[in-house]
> 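I have a structure here, written as structure tokens, and I will follow up with some questions on it.
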Amino acid sequence: MSFDSLVSESPRYLAPFHAKLHPHFFTDILIIGGGLAGLRAALAVDPSLSVLVVCKAGLLNSNSRKAQGGIATVWDFDKDNFENHIEDTLIAGGDLCDHEVVDYVVRHGTEEVQRLIDHGAKFDRKENGDILLGREGGHGQFRIIHALGDATGQEVIRSIIEEVRSRPNIRIWEDTFVLDLLTADGFCRGAVVYWNKEKDTELIWAKQVILASGGLGQLYRETTNPDVACGDGVAIAWRAGAVIRDMEFVQFHPTVLYIAGGSRSLITEAMRGEGARLIDKNGYQFMKDYDPRGELAPRDVVSRSIVQQMIKTNHPNVYLDLTHKDADWIYNRFPGIAAVCAQFGLDLARDRIPVRPGAHYAMGGVLIDQNGRTTIKGLWAAGEVSSSGLHGANRLASNSLLEALVYGEKTGRLASEVAVQMSDQYTALPIENRPIQKQRGKCRQCTYQKGCDTCDFSAMKDEFSEVDINDIRNSLKSMMWRLVGVVRDESGLQEAKDNIERWSRYVLLHQFKTPAAWELQNMLTVAALVVEGALGRKETRGSHNRSDYPEFDEKKPAQHSLFQRIEKEN
């Protein structure tokens, strides 16, 4: 599938730089992203190699740390097995999963969880000391391992950060914005980064690069993702020429706390696994009207059902009801959620909790093979930024931390095996990106769509310095939620595409000097890919729901959406 728009014509690099004018840093392995996938990759690298982990904010600001539900893995082999977990994953994936990838990830999950325990992670246990297992939507067995009740990510990241910081070969740069990947002769050589604290650009050169930058939830007004999840990794890989796959598949978590003035806190799926009911404003338990699995249907089914019930009842949300359960048990099982609700005067054991869907996870991303290699030599990817084939069209609950662990380990190990064989001759290549001399776009003083030699877009030159970055960002997020959300159709998607192209004319074709502006450029790029994929997929499959093509045709061959930026000749 081609993608011919202003996004394709945007500059290769976000900002100008010259190899002679900036500091240089050399490392064996560069890891972009400080979530679970990136940190696990760092631990898998040969100790003889130097590792640099860079992350846009701090190590504690990632989707991994915010994960509540847990890690899905086969643990109780008396009642569960790998084949059951594989089957549940394939069913949720809408016929787009890679069977070999699913098999590999599921079968290596148990040992990865054991490694976490060896690193000091403390998971919830029964009175007899056995691991306490939960169940979530789409899972046929109890296989969700959790910690601190509903703060699994927090405990996992704590333990793995301690291990990472103990390794002398691993260095961590926080508050570092990655502008772009450095490429030459079809090979990824490193990255251009901007230190927020020093306000300076630096070139990092590496033998191998692992992209583990997380998701894109901030494209949407309603999201469970932290502020840093803007799809930066997909954008920088796209500009470098990597193949991007299945961007239209964005998973919306069914139950996000919906209170005016409050952050959109995730209400873990484990709550429904423990018996919480979904009811509408009239107290009616509606899920069985849409799916016989009720509250334990896969996330895409539950999200669509909630939206339909909201429309049917003309109400902005539905409610989670756990009031039929023992209060002490509720507070002990879900302490984090109980505390969040209490801030807004809600008692989790006594009150109905207002919820609605929110953008949560991206199934699509940078295409990787079964070993984690992207289509660019020297560049690997792991975690949510990648499209591995594990999730297909819809991620099974709690398979994300599982993938981050398994593919983090695999990419770290295999990338280091390649790096060990490379010589230690570190060279700064003469790669540069000159400042744009002439902006290309529609000129208001003539009839040329692409500018002209006479005025060459000069009529808008002064306006560039006055662009309200926050206003465009907010407009983009609201539009994506309204037109490219849980339910989509042709007219809405085309309107979204037109809006993105209009904004792109005066945002993507300009070079800014601040991380906020670069972030917006990345968001516009990724949003365009999501919309283009959604327009091209004229069917309902997994998390992609087209109201103008409402039926999922099981006989229709499942196809992937592929995108690649092709440099245009001058």
Side-chain angles (χ1 to χ4, degrees), residues 35-36 57-58 60-71 122-124 132 134 136-137 144 146-158 214-215 217-218 220-229 251-279 281 295 299 302-303 306 310 315-361 397-398 400-401 477 481:
L36 183 58
L60 298 180
N61 193 3
S62 69
N63 272 340
S64 299
R65 186 176 183 274
K66 289 171 68 71
Q68 292 180 346
I71 306 171
K122 295 178 174 57
F123 295 107
D124 294 344
L132 180 63
E136 297 180 358
I144 312 302
H146 48 80
L148 304 176
D150 54 6
T152 305
Q154 178 180 323
E155 174 61 14
V156 168
I157 290 298
R158 178 203 63 77
Q218 283 298 320
Y220 291 88
R221 189 189 69 202
E222 305 291 338
T223 181
T224 64
N225 289 190
D227 291 341
V228 295
Q251 185 176 80
F252 295 85
H253 197 287
T255 52
V256 179
L257 185 63
Y258 186 69
I259 299 177
S263 62
R264 297 301 187 250
S265 301
L266 174 70
I267 305 295
T268 175
E269 195 152 2
M271 188 175 290
R272 281 178 285 128
E274 297 285 6
R277 304 164 179 165
L278 278 169
I279 60 176
K281 70 173 185 179
E295 280 79 359
R299 287 177 174 176
V302 179
S303 290
I306 288 174
M310 285 162 52
H315 198 63
N317 57 269
V318 296
Y319 298 88
L320 265 176
D321 181 16
L322 207 60
T323 58
H324 57 287
K325 305 285 281 188
D326 177 74
D328 290 337
W329 177 87
I330 292 174
Y331 301 142
N332 289 327
R333 178 65 178 85
F334 303 109
I337 297 172
V340 170
C341 290
Q343 294 176 10
F344 300 97
L346 293 174
D347 186 332
L348 189 59
R350 303 283 181 249
D351 298 315
R352 304 186 307 174
I353 309 303
V355 295
R356 63 183 295 172
H360 184 57
Y361 191 89
S398 290
S400 54
L401 292 183
K477 288 163 64 74
W481 178 249

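As a basis for the values below, the full set of heavy atoms in this structure was taken, side chains included, without hydrogen atoms, waters or symmetry mates.
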> Nearest 0.5 Å, what's the CD1-OG1 distance between Ile353 and Thr323?
9.5 Å
> May I ask you to check whether Thr152 and His146 show a side-chain donor-acceptor distance below 3.5 Å?
no
> Listed by chain and number, what are the side-chain contact (heavy atoms from CB on, under 4.5 Å) partners of Ala342, not counting sequence neighbours?
none
> Run the salt bridge (charged side-chain N to carboxylate O under 4.0 Å, His left out) check on Arg356 and Glu222 step by step: do they pass?
CA-CA 9 Å; Arg356 63 183 295 172; Glu222 305 291 338; 5.1 Å; no
> When rounded to the nearest 0.5 angstrom, what distance separates CD1 in Ile330 from CZ in Arg350?
7.5 Å
> Counting distance only, does the side-chain N/O of Gln218 pair as donor-acceptor with the main-chain N or O of Pro226 below 3.5 Å?
yes
> Would you say Ser398's side chain and Ile144's backbone share a donor-acceptor pair under 3.5 angstrom?
no
> Considering all heavy atoms of both residues, which atom of Ala397 and which atom of Gly137 are nearest to each other, and what is their separation?
CB-O, 3.9 Å
> Say you draw a straight line from CG of Leu346 to CZ of Arg352; how long is it, rounded to the nearest 0.5 Å?
11.0 Å
> Using a 3.5 Å cut-off and no angle test, enumerate the donor-acceptor pairs between side-chain atoms of residues 272-279 and protein atoms at least two apart in sequence or in another chain.
from   : atom 1 : to     : atom 2 : distance (Å)
Arg272 : NH1    : Glu295 : O      : 2.8
Glu274 : OE2    : Arg333 : NE     : 3.2

> On a heavy-atom basis, which atom in Leu36 and which in Val156 lie closest, and how many Å separate them?
CD1-CG1, 3.7 Å
> Please name the pair of heavy atoms, one in Tyr331 and one in Ala338, separated by the smallest distance, quoted to 0.1 Å.
CD2-CB, 4.3 Å
> Give a yes or no on whether the backbone of Ala147 and the side-chain of Lys122 come within a donor-acceptor separation of less than 3.5 Å.
no
> Measure the CG-OG1 distance between Leu257 and Thr224 for me, rounded to the nearest 0.5 Å.
12.0 Å
> Taking all atoms of both residues into account, what is the closest heavy-atom pair of Gly358 and Val256, and its distance?
N-CG2, 3.6 Å
> Going from NE2 on His360 to OG on Ser400, what distance comes out if it is rounded to the nearest 0.5 angstrom?
6.0 Å
> What pair of heavy atoms forms the shortest contact from Phe252 to Pro357, and how long is it?
CB-CB, 4.3 Å
> Of all heavy-atom pairs between Thr223 and Tyr220, which one has the smallest distance, and what is that distance?
CG2-O, 3.7 Å
> Kindly compute the distance separating CD1 (Ile267) from CD1 (Ile337), expressed to the nearest 0.5 Å.
4.5 Å
